Amino acid sequence: MKIVTGQLGSVAPGGRSAIWAATGRLGGHSRPPFDELNLASYVGDAPEDVERNLQIAATSIGLATTNLVLMKGVHGAQVLIVERGGPVPDVVPGFDALVTKSPGVGLVVLAADCVPLVLADVVNQVVGAVHCGWRGLTAGVVPAAVEQMRLLGADQLQAVIGPSICVKCYPVPPERVLEVRAGLPAVISAAACPDSEVPCLDVGAGVRAQLAAAGVSPRKVQTLAGCTAHTAGLFSYRRDGVTGRQGMLVRL
Ligand SMILES: [Zn+2]
């Protein structure tokens with residue numbers, strides 16, 4: 001998958017909008033096993049290749065890399081309010097969600113099977129980027145990000161969910177399904193594999209359910225096509241082990 005970009009909100013000059021991008025594996029500078037467009041500096045890739053890839057990603061939303069803020073997720077529910085971007089670019093450890101009201105700051109979420117998503121209220125000018133795997137579902141990082149954005153004035157949220165591992169590619173131990181269900185009594189987050197006795201987890205469905213439960217209308221949630229594990233043009237940790245990370249970016 002090459003970079004996909006989109007705009008939420010007004011397309012009129014001076015109109016309020018947010019710009020997002022979803023990157024894939026194709027069109028970057030990294031060499032195997034990080035080929036091509038790896039955006040993560042913490043997976044063992046050459047720093048100069050990652051920097052050039054980040055320039056490609058930043059340009060796709062009209063920014064320089066010094067305007068980007070990236071996070072290294074820990075599968076928790078901590079939300080960081082970002083005041084401004086940089087320097088060069090920041091990689092913030094310990095957070096799985098970033099939110100900002102600052103125009104010109106590019107929030108970046110990296111993933112390779114987990115669900116990356118971006119949120120925006122273009123009228124009230126708040127954007128967010130969230131990283132959510134099965135532990136994020138149980139920790140509640142999605143509702144935590146929505147709540148923090150509401151505290152910053154958001155009341156008309158839209159979301160774009162990026163490519164993640166699909167339910168058919170994500171068999172898990174039965175106890176994990178129970179654990180996820182126990183943490184999410186109100187949502188259906190697990191489904192059986194259609195072709196297997198082994199239970200499988202649908203993290204994307206869990207994220208959509210949590211968004212709906214948090215008051216984000218399903219009509220305002222867009223999901224990009226593509227399973228990381230069975231699409232050659234996407235990075236998959238579960239498929240490849242040592243590999244790169246694709247990302248989603250959002251800015252006001
Ligand atoms: Zn799949």
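Atoms within a ligand are numbered from 1 in the order they appear, just like the ligands themselves. Note that the structure is a prediction, hence the values are computed from the model and not measured.
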* Asked: Can you name the residues that form a ring pair (Phe, Tyr, Trp, His ring centres under 6.0 Å) with H75, not counting sequence neighbours?
  -> H131
* Asked: So do V99 and V82 actually touch side chain to side chain, heavy atoms under 4.5 Å?
  -> no
* For residues 140-158, which residue pairs qualify under side-chain hydrogen bond (donor to acceptor under 3.5 Å, both in side chains), counting only residues two or more places apart or in two chains? -> N124-D155
* Determine which pairs satisfy ring pair (Phe, Tyr, Trp, His ring centres under 6.0 Å) with at least one residue from residues 45-67, sequence neighbours left out, and list them in order. => none
* To do: Measure distances from the Zn ion (ligand 1) and count the protein N, O or S atoms below 2.8 Å.
  => 4
* From OG1 (T100) to CD1 (I81), nearest 0.5 Å -> 9.0 Å
* **Inter-residue atom distance I161.CD1 - M248.CE, 0.5 Å rounding** => 9.0 Å
